[in-house]
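Contents: one structure, followed by commentary.
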Amino acid sequence: QVQLVESGGGLVQAGGSLRLSCEASGSISGINYMGWFRQAPGKQREWVATITSDGSTSYKDSMKGRFTISRDNAKNTLYLQMNSLKPEDTAVYFCHAAWSIIDFGNRGRGYWGQGTQVTVSS
């Protein structure tokens, strides 16, 4: 069982930056898929970015060039560097980990953190 705890959220002005962290209670080196999702008020949870165990990354189009996902297996930590933040990036950001692509993104599968609030003011 792996527990995920996010941190690093907060209030920032548009154009600013934040770095989210997701610390796992156990080793993440063997977890094939890790990523970030977000949920804005009144909206469905949406995928933000993914990083695989071999370091391959992918991003939702609206985040490309602004967000960077990374993982430090030695520290059992996942990161999301967010730059050029916009008010529409305001949401609760969730860390997620899954062993298979089939389970990745499934609310009832894999491991999910409790979320960290990001608020971007205009």
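All residue numbers in this chain count up from 1 along the given sequence.
- For residues 112-122, the pairs satisfying side-chain hydrogen bond (donor to acceptor under 3.5 Å, both in side chains) are H96-W112, Q117-T119, with sequence neighbours left out.
- Between T50 atom OG1 and I101 atom CD1 the span is 6.5 Å, to the nearest 0.5 Å.
- The side-chain hydrogen bond (donor to acceptor under 3.5 Å, both in side chains) pairs that include a residue from residues 4-14 number zero, where partners must be two or more places apart or lie in different chains.
- Within the model, atoms OG of S58 and CH2 of W47 stand 4.0 Å from one another, a figure rounded to the nearest 0.5 Å.
- Across N76 and G26, no two heavy atoms sit closer than the pair CG-O, 3.3 Å.
- For CD of E88, the number of neighbouring non-hydrogen atoms (other residues, nucleotides, ligands) closer than 6.0 Å is greater than 12.
- Considering only residues two or more places apart in sequence or on other chains, R66 meets the side-chain hydrogen bond (donor to acceptor under 3.5 Å, both in side chains) condition with D89.
- In this view, F94 satisfies the ring-ring contact (aromatic ring centres under 6.0 Å, His included) rule with no residue, not counting sequence neighbours.
- Between atom CD of residue Q39 and atom CD of residue E46 there is a gap of 9.5 Å, rounded to the nearest 0.5 Å.
- The structure places SG of C95 at 10.0 Å from CZ of F37, a figure rounded to the nearest 0.5 Å.
- With hydrogens and angles ignored, the 3.5 Å screen pairs no side-chain donor or acceptor of R71 with any backbone N or O of G35.
- With side-chain heavy atoms closer than 4.5 Å counting as contact, directly or through intermediates, the hydrophobic cluster containing I51 also holds V2, L4, V12, L18, L20, I28, I31, M34, W36, V48, Y59, M63, F67, I69, L78, L80, M82, L85, Y93, W99, Y111, V118, V120.
- Residue-environment remark: CG (L11) exceeds the threshold of 12 foreign heavy atoms within 6.0 Å.
- In this structure D61 satisfies the side-chain contact (heavy atoms from CB on, under 4.5 Å) test together with K64, sequence neighbours excluded.
- Counting all heavy atoms, side chain and backbone alike, P87 lies closest to A14 at CD-CB, 4.1 Å.
- Atom CZ of R109 sits about 4.0 Å away from atom CG of D103, to the nearest 0.5 Å.
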